[in-house]
Amino acid sequence: MPMPTVLEEIQTEIKSMLAAGFAKAHEAGLLPALENDIQLEVPREKEHGDFASNVAMASAKQMKMPPRRIAEIVVSNVDTAGSVVNRLEVAGPGFINVFLDQKWLYRAIRRALEEGERYGCTDTGRGKKVLVEFVSANPTGPMVVVQARAGAIGDTLVNLLNMAGYCAKREFYINDSGNQVRNLGRSLDARYKQALGMDVPVPEDGYPGEYLISMAQELVKEEGDRLLSMDDEARIEFMASYAVRKNLEAQRRSLERYGVRFDIWSSQKALEESGALEHTLALLKQRGYTYEKDGALWFRSTAFGDDKDRVLVKNNGDVTYFAPDIAYHLNKYQRGFEELIDLLGPDHHGYIGRMSAAVQALGYPASSFEILIVQLVRLVSRGESVRMSKRGGTFITMDDLLDEVGRDAARFFFLMRAPDSPMDFDTDLAKVQGNENPVFYVQYAHARICSIFRQAEEVGLKMPPLESVDLSVLGDASELDLAREVAYWPHEVIDAARNREPHRITKYLMDLAQLFHTFYTRCRVIGEREDVSLARLALIKAVQITIASGLRALGVSAPDRM
RNA sequence: GCGCCUGUAGCUCAGCGGAUAGAGCAUCUGCCUUCUAAGCAGAGGGCCGCAGGUUCGAUCCCUGCCAGGCGCGCCA
C-alpha cells in the first residue's frame with residue numbers, strides 16, 4: 001500500500017479541487033470539458049503562491065478560449081471552504097496560483113519526526129531490481145580521479161534509488177582477463193627482473209607506472225629469484241594474476257577509504273570460465289544476429305540502430321572486448337536484475353549504441369539498459385590545472401585526492417556537478433575549513449542544530465510527545481520556509497533517483513542549510529516562551545533529520561559539533 | 001570527416017517550455033552583551049555563444065553556424 005508523501009497528499013487535494021471547479025463550470029455551460037491533466041508546480045517566486053498550475057494555458061487551444069479567461073472561470077467555480085487552500089488567484093499569462101494555509105507545513109514537520117531516519121524514503125520504485133555498475137577500474141594500477149567521481153556518483157545513485165524504493169545494488173566488474181592483463185603481467189615481469197639487477201625494458205605496450213616497481217620489489221622479497229626458473233609463459237601468467245590481485249586489493253582499500261562498498265564484485269575471468277561467453281555467442285547466433293565476414297564473426301548491431309556492425313570474434317580466433325561484455329550483461333539479467341545502469345567514462349560513449357543493440361538482440365527492452373557517461377575531471381589549484389598523464393606514469397590517484405581534501409569534500413564536490421558535464425575540481429576551495437566551502441556550510445548547519453539540542457537538554461527543555469506540540473506558533477517567514485523545504489525532501493530524492501541526477505541533492509542541502517542559517521539568526525530556540533521553544537525544537541529536529549538523511553545519501557558525514 | 005559533451009554574472013556551475021534567469025566563490029557595505037560570526041543582511045555584476053525556426057510563450061525544443069573538450073580500431 002503506497003504511502004503518499006505530505007506533498008502528494010496536498011497536491012492531490014488541490015488537483016481534485018481544481019478538477020471539481022472545471023466540472024462545475026462545464027455543467028454550467030461555461031467551459032468545454034477538461035481534457036488535459038492538471039499539473040502543479042512549485043513557483044520560483046514565493047509571491048506566486050505555494051503551488052501554481054498552468055492548466056488554463058495548456059487547455060487554451062483545446063477550449064478555444066484565452067487562458068486567463070479559463071483560469072478566471074475555474075477559480076470562481078472552486079470551493080475552497082474548509083480546505084488547506086486559502087485562496088486562488090489568476091496571474092500572469094493565465095497561471096492559477098494556489099496559496100495554502102500554513103497548517104499543511106505542520107503535517108510535513110510531523111511526518112519528518114515520525115519517520116526519523118527513514119524520512120525521505122518512499123516506495124516509488126516498488127522494489128524494482130536495479131544493478132548499477134560503476135568504477136570497474138582495470139586492475140592494472142591505482143584508481144584515478146575520474147574513477148573517484150564515478151565512485152561518488154554511482155554510490156550515491158544507489159543510495160538514492162534505494163531510498164526511492166528501488167532495490168538497487170552496486171557492482172564492480174573486474175576486468176581480470178584479456179590482453180591488458182597479459183601486458184600487465186609482462187610489465188611486472190620486466191620490473192621483477194630489473195629488481196633482480198637484470199637490464200630488461202618495460203614492454204612498449206606495457207604499464208610504465210612506478211607502482212609496479214615497488215610491487216616487483218615486494219615480490220622479490222617474497223619469492224627471491226626463484227620465479228626466474230619458471231618457463232616464460234607460466235611466469236607471465238603468475239605475474240599477471242599476482243599484479244591483478246595486488247591492484248585489486250589496493251583499489252578495494254581506496255574505495256573503502258572513500259566510503260564506497262560494493263555489494264558485488266564480478267570477475268570477467270570467472271564468467272568466461274563458466275562458459276557464459278560461448279553460450280552468449282550461441283544465443284546471438286541462434287537469434288539470427290550474427291554473420292561471418294573476412295574470417296571474423298560479426299554482430300548485426302545495425303539492426304538496432306548502431307552505425308555499424310561490430311566484430312565479436314576476430315579472424316585470428318580471439319574474441320573482442322565487446323563479446324565477453326555482452327555475456328556479462330546477459331549475466332546481469334539472468335541474476336534477476338530488471339534494470340541495468342552502467343557508469344562509463346567519456347571515452348566509452350561510442351559503446352552505447354552497440355551495447356544497447358546487444359541487449360535488445362538478447363530480447364531485453366532498450367529501456368532496461370542505460371549508460372551514464374561520467375565526464376572528465378580537471379583538478380585545478382591556484383587557478384591552474386594540475387596535469388595528469390597516465391602514459392608518463394605520473395597521475396593523481398584517488399588516494400592522493402583523499403589525502404589532499406578528505407572524503408567529505410571529495411564526495412560533496414564531485415556531487416555538485418551533473419555527471420555528464422565536464423568539471424573543474426578546485427582543490428584549494430575543497431580544503432578550506434570555512435564558509436566558502438559548501439560542504440562545511442551544510443555540515444555546520446547540522447552541527448549547530450546538534451548544539452542547540454545539547455543546550456536545550458542542559459536547561460531542561462524536553463520535547464513532549466509530538467501531538468501535544470502546538471506548531472501553530474510558528475509564524476516567522478524563515479520558519480515557514482524551512483518547513484516547506486523539509487516537505488520537499490522525499491521528492492528531491494525521487495527526482496534525483498529517477499533522473500540520475502545526484503547533484504540535485506547537494507544543491508538541495510545547500511538551500512536547506514541556507515534557510516536554516518537565516519532562521520538561526522532571526523529566531524532563538526532556547527529562552528523563548530515555552531510553547532515557541534518546543535515548536536522550534538520540533539522544526540529544527542525535522543531539519544536535522546533531513547540534513548542527516550541527505551548527507552548520508554551522499555556518503556558525507558554529519559558531524560555533531562565542529 | 002563523423003559522433004558525444006560543453007558554451008548562462010569576473011571564476012566554477014545550477015536551471016532545460018512558463019511569470020522579474022539563480023547559487024557558490026571573488027568584489028563592496030553593514031551586523032557578534034543572547035543557542036558555534038565555520039554565520040546573517042544588503043549592493044554591484046548578464047545581448048543565457050551567434051543566426052534562423054516551432055510555440056500563446058524559448059536560456060530550455062528543431063536547424064545551421066562559431067568556439068572549447070573528448071572520442072571515432074578485428075585496443076581494452
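Here is how names work: the chains are called A, B, and so on, in the same order as the sequence lines, proteins then strands, and each is numbered from 1.
One atom, CZ of A:R44, and another, P of B:A23, lie 11 Å apart when rounded to the nearest Å. Distance A:E45 CD to B:G15 P: 18 Å, rounded to the nearest Å. Rounded to whole Å, atom P of B:C72 lies 10 Å from atom CZ of A:R354. Spacing between atom CG of A:D309 and atom P of B:G73 amounts to 14 Å, rounded to whole angstrom units. Atom-to-atom, CG of A:L429 to P of B:C13 comes out at 12 Å; the value is rounded to the nearest Å. A:L344 places its CG atom 12 Å from the C1' atom of B:A76, with the value rounded to the nearest Å.
Scored by the side-chain contact (heavy atoms from CB on, under 4.5 Å) test, A:N54 finds A:Q39, A:M57, A:F95 as partners (sequence neighbours excluded). With sequence neighbours excluded, the residues forming a salt bridge (charged side-chain N to carboxylate O under 4.0 Å, His left out) with A:K46 are A:D481, listed by chain and number. For A:E35, the side-chain contact (heavy atoms from CB on, under 4.5 Å) test picks out A:Q62, with sequence neighbours left out. For A:A558, the side-chain contact (heavy atoms from CB on, under 4.5 Å) partners are A:H446, A:L551, not counting sequence neighbours. Here A:D50 pairs with A:R484 under the salt bridge (charged side-chain N to carboxylate O under 4.0 Å, His left out) rule; sequence neighbours left out.
Remark: RNA chain B forms stems of 3 or more consecutive Watson-Crick or G-U wobble pairs, all pair distances under 3.5 Å, at B:1-7 with B:66-72, B:10-13 with B:22-25, B:27-31 with B:39-43, B:49-53 with B:61-65.
A:N54 comes within 4.0 angstrom of a base, heavy atoms only. Across all strands, A:F322 comes closer than 4.0 Å to no nucleic acid atom at all (heavy-atom distances).
Ring centroids of A:W489 and A:Y508 are separated by less than 6.0 Å, placing the two rings close together.
Contacts between residues 495-505 of chain A and RNA chain B, counted as heavy-atom distances below 4.0 Å, involve A:H503. Within residues 447-458 of chain A, the residues having any heavy atom closer than 4.0 Å to RNA chain B are, in order of number, A:A447, A:R448, A:S451, A:I452, A:Q455. Of the residues in residues 63-72 of chain A, none has a non-hydrogen atom less than 4.0 angstrom from any atom of RNA chain B.
B:C11: glycosidic angle beyond 90° from 0, hence anti.
Here A:H348 does not count as stacked on B:G71, because the ring centres are not under 5.5 angstrom apart with planes under 30°.
Candidate nucleotides B:C13, B:C74, B:A76 were compared by shortest atom distance to the side chain of A:D424, and B:C13 ranks first.
Residues A:K332 and A:D342 are paired through a salt bridge, judged by an N-O separation under 4.0 Å between the basic side chain and the carboxylate. Comment: A:R454 does not engage A:E457 in a salt bridge, judged by the lack of any side-chain N to carboxylate O separation of less than 4.0 angstrom.
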Which pairs, protein N/O on one side and nucleotides 31-34 of chain B N/O on the other, fall under 3.5 Å?
| residue | atom | partner | partner atom | Å |
| --- | --- | --- | --- | --- |
| B:U34 | O2' | A:R524 | NH1 | 3.3 |
| B:U34 | O2' | A:R524 | NH2 | 3.0 |

Between the protein and nucleotides 2-6 of chain B, which nitrogen or oxygen pairs come in under 3.5 angstrom?
| residue | atom | partner | partner atom | Å |
| --- | --- | --- | --- | --- |
| B:G3 | N2 | A:H349 | NE2 | 3.3 |
| B:G3 | N3 | A:H349 | NE2 | 3.4 |
| B:C5 | O3' | A:D420 | O | 3.4 |
| B:C5 | O2' | A:D420 | O | 2.8 |

Every protein N/O within reach of nucleotides 41-43 of chain B N/O, cut-off under 3.5 Å:
| residue | atom | partner | partner atom | Å |
| --- | --- | --- | --- | --- |
| B:A41 | OP1 | A:T518 | OG1 | 2.9 |

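Scanning atom types as modelled, one donor and one acceptor separated by under 3.5 angstrom connect the side chain of A:N97 and the base of B:A19.
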